[in-house]
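Position 1 is the first residue of the sequence, and the numbers go up from there. Note that the coordinates shown come from a computational prediction; the quantities given were computed from them, not determined experimentally.
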Amino acid sequence: MWILLFTRLRTKLLLLIALPLTRMLVHRLAVFAERRNARSARLLHRADVAVTRVSRRSRRGARSTF
């Protein structure tokens, strides 16, 4: 029972804390790379879109489980 509780807690913490922080970091890196005309700007923007989609998808799932 405790293992299941801790597993769910880790999952919730990941979805509520780590994912938004990762999204913010990737977005800021993409904006910084775009200002510098770096080649990696397009790749970072794609990563930003992907992390945003996962974040939105997880938020919808997290609301239904609370």
Distance-only donor-acceptor pairs under 3.5 Å for side chains of residues 28-40, two or more places apart:
residue : atom : partner : partner atom : Å
E34     : OE1  : H45     : NE2          : 2.7

Write down the atom of R23, the atom of T52, and the distance for their closest heavy-atom approach.
-> NE-OG1, 3.3 Å
Carefully, step by step, assess L21 and M24 under the rule side chain to side chain contact (heavy atoms under 4.5 Å, CB included).
-> CA-CA 5 Å; L21 287 176; M24 182 180 63; 4.0 Å; yes
Could you check L25, V26, T22 and say which one makes a side chain to side chain contact (heavy atoms under 4.5 Å, CB included) with D48?
-> V26
